[in-house]
Amino acid sequence: MKLGIIGAMETEVSALKEAMEVDKVVTKAGMDFYEGTLHGKQAVVVQCGIGKVNAAMCVQILADLFEITHVLNTGVAGSLNADLNIGDILVSEKAIQHDVNVTIFGYQVGTVPGFESREFTADAVMADAVADACKRANPDVNIVKGCVVSGDQFISDAKVKDYLISEFHGDCAEMEGASIAQAAVLNKIPFVVVRAISDKADGSAQMDYPTFENQAAEHCAKMVSEFVKSF
């Protein structure tokens, strides 16, 4: 196994780098890839930029330059599920790009042409292992499995939130997960996306996000470490 760990938060990535035995650092497309061992396992840790293009490029670089065998993406998201509150963690079963729309050609909204489904399915073994690791590392945190919806926009409007829930049955909304999923699927690499809930994807998002970012980063770093030890 050679795990590609894509983090969203600097504090989280820094904690993982400190736990690594770093062999080398490669800078590509503005991203620093830290290659080495993490708890005895081969790993590459990187902080990708914001948005779908940056995220997909990151996966492709991990595949091409580092020949990773699995992708784990962590970060924060806005809740679309009434049972997911700030501080909770969502482990992906599937991911959808909500801003893809070629329905005029007969595709279901969210479907990328060339794919039979709009849903990119996470690796079930990885998802189970991540959820179990999270329970051990963060026993007080509520963990839910579900659907990540991604698009190049920060969701803070109630009408948009309602649309994402009704159309995609999304559990959380963010800006990278589904493009990471698509790139992983194209490269035949098992993946899972994990999101710590930082806000409710409504008008309170601007206030909530800075408050809970550090907490989310701590939870994600602990979960990743526990996952790597046991996977």
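Since we're looking at a predicted model, the values are computed, not measured. Only this structure's heavy atoms are used, side chains among them; waters, hydrogens and symmetry mates stay out.
- Of the possible donor and acceptor atoms, none in the side chain of Ser92 sits under 3.5 Å from a partner among the backbone N and O of Lys94.
- When Glu10, Lys17, Glu12 are each tested for a side-chain hydrogen bond (donor to acceptor under 3.5 Å, both in side chains) with Ser14, only one passes: Glu10.
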- Message: What verdict does the side chain to side chain contact (heavy atoms under 4.5 Å, CB included) test give for Tyr107 and Val100, after you've listed the backbone C-alpha separation in whole Å, the side-chain angles of each residue and the deciding distance to 0.1 Å?
- Response: CA-CA 10 Å; Tyr107 292 93; Val100 172; over 6 Å; no
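- Within the 4.5 Å cutoff, side-chain heavy atoms of Gln153 are placed close to those of Val160.
- For the pair Ser198 (side chain) and Val76 (backbone), a donor-acceptor distance under 3.5 Å is absent.
- Across Gln42 and Met1, no two heavy atoms sit closer than the pair CB-O, 3.7 Å.
- Note on Met175 and Val71: separate hydrophobic clusters, where clusters join Ile, Leu, Val, Met, Phe, Trp and Tyr whose side-chain heavy atoms are under 4.5 Å apart, directly or indirectly.
- Atoms OG1 and NZ, on Thr69 and Lys188 in that order, are 15.5 Å from each other to the nearest 0.5 Å.
- Transitive grouping of hydrophobic side chains (ILVMFWY, heavy atoms separated by less than 4.5 Å) brings Leu186 and Leu62 into a common cluster.
- Interatomic distance, Ile68 CD1 to Leu3 CG, rounded to the nearest 0.5 Å: 7.5 Å.
- His70 pairs with exactly one of Phe227, Phe231, Phe191 by the ring pair (Phe, Tyr, Trp, His ring centres under 6.0 Å) rule, that one being Phe231.
- Between Met223 and Ala133 the shortest heavy-atom distance is O-CB, 3.9 Å.
- Once rounded to the nearest 0.5 Å, the distance linking OG of Ser117 with CD of Gln108 reads 7.0 Å.
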Tell me which donor-acceptor pairs under 3.5 Å the side chains of residues 18-29 have, and how far apart each pair is, sequence neighbours excluded?
{"from": "Thr27", "atom 1": "OG1", "to": "Asp32", "atom 2": "OD1", "distance (Å)": "2.6"}

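- Nearest heavy atom pair, residue Gly146 against residue Leu90, reads N-CD2, 3.6 Å.
- Remark: His98 NE2 to Asp152 CG distance equals 8.0 Å, nearest 0.5 Å.
- Other residues, nucleotides and ligands contribute over 12 non-hydrogen atoms within 6.0 Å of the CG atom of Leu65.
- Looking only at distances, a side-chain donor or acceptor of Arg118 sits under 3.5 Å from a matching main-chain atom of Val109.
- No side-chain donor-acceptor contact under 3.5 Å links Asn138 to the backbone of Val141.
- The existence of a salt bridge linking Glu226 and Lys135 is excluded, since no basic side-chain nitrogen approaches an acidic carboxylate oxygen closer than 4.0 Å.
- Neither side chain, Asn73 nor Glu176, offers a donor N or O lying under 3.5 Å from an acceptor on the other.
- Clustering ILVMFWY residues whenever any of their side-chain heavy atoms sit less than 4.5 angstrom apart, transitively, puts Ile180 in the very cluster that holds Phe120.
- Looking only at distances, no side-chain donor or acceptor of Asn187 sits under 3.5 Å from a matching main-chain atom of Ile189.
- Side-chain atoms of Ser225 and Leu16, non-hydrogen and from C-beta on, do get closer than 4.5 Å to each other.
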Practice item. Give the intermediate values and the outcome of side chain to side chain contact (heavy atoms under 4.5 Å, CB included) for residues Val59 and Ile6. Key: CA-CA 8 Å; Val59 174; Ile6 303 174; 3.7 Å; yes
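- The CD atom of Glu167 lies 8.5 Å from the CD1 atom of Ile96; values are rounded to the nearest 0.5 Å.
- When the shell of 6.0 Å around CD of Glu67 is examined, it contains 12 or fewer heavy atoms from other residues, nucleotides or ligands.
- The existence of a salt bridge linking Lys222 and Glu218 is confirmed by a sub-4.0 Å separation between a basic side-chain nitrogen and an acidic carboxylate oxygen.
- Every residue two or more places apart in sequence or in another chain was checked for a salt bridge (Lys or Arg N to Asp or Glu O under 4.0 Å) with Asp162, and none qualifies.
- Ala173 and Ile155 get closest at one heavy-atom pair: CB-CG1, 3.9 Å.
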key: Derivation of the side chain to side chain contact (heavy atoms under 4.5 Å, CB included) call for Cys58 and Val46   = CA-CA 8 Å; Cys58 186; Val46 57; 3.4 Å; yes
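- Between Ser179 and Ala55, the shortest heavy-atom contact is OG-CB, 3.5 Å.
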Test Leu80 against Val149 for side chain to side chain contact (heavy atoms under 4.5 Å, CB included), laying out the working first. CA-CA 9 Å; Leu80 302 175; Val149 294; 3.5 Å; yes
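- There is a path of hydrophobic side-chain contacts, each under 4.5 Å, that joins Val193 to Leu84.
- Side chains of Asn101 and Thr103: a donor on one and an acceptor on the other come within 3.5 Å.
- Ser230 and Arg136 share a donor-acceptor pair across their side chains, judged by distance under 3.5 Å alone.
- Between Asp99 and Lys52 a salt bridge is recorded (basic side-chain N to carboxylate O distance below 4.0 Å).
- In this structure, Asp88 contributes its side chain and Asn85 its backbone to a donor-acceptor pair below 3.5 Å.
- Side-chain contact, Ser150 with Glu174: a donor N or O sits under 3.5 Å from an acceptor N or O.
- We find the CD1-CG distance between Ile197 and Asn81 to be 8.5 Å, quoted to the nearest 0.5 Å.
- Residues Val192 and Ala122 approach most closely at CA-CB, 4.3 Å, considering heavy atoms.
- With a 4.5 Å cut-off on side-chain heavy atoms, Cys172 and Arg195 count as touching.
- Transitive grouping of hydrophobic side chains (ILVMFWY, heavy atoms separated by less than 4.5 Å) brings Val224 and Ile143 into a common cluster.
- Taking the salt bridge (Lys or Arg N to Asp or Glu O under 4.0 Å) definition, one finds that Lys41 meets it with nothing, sequence neighbours left out.
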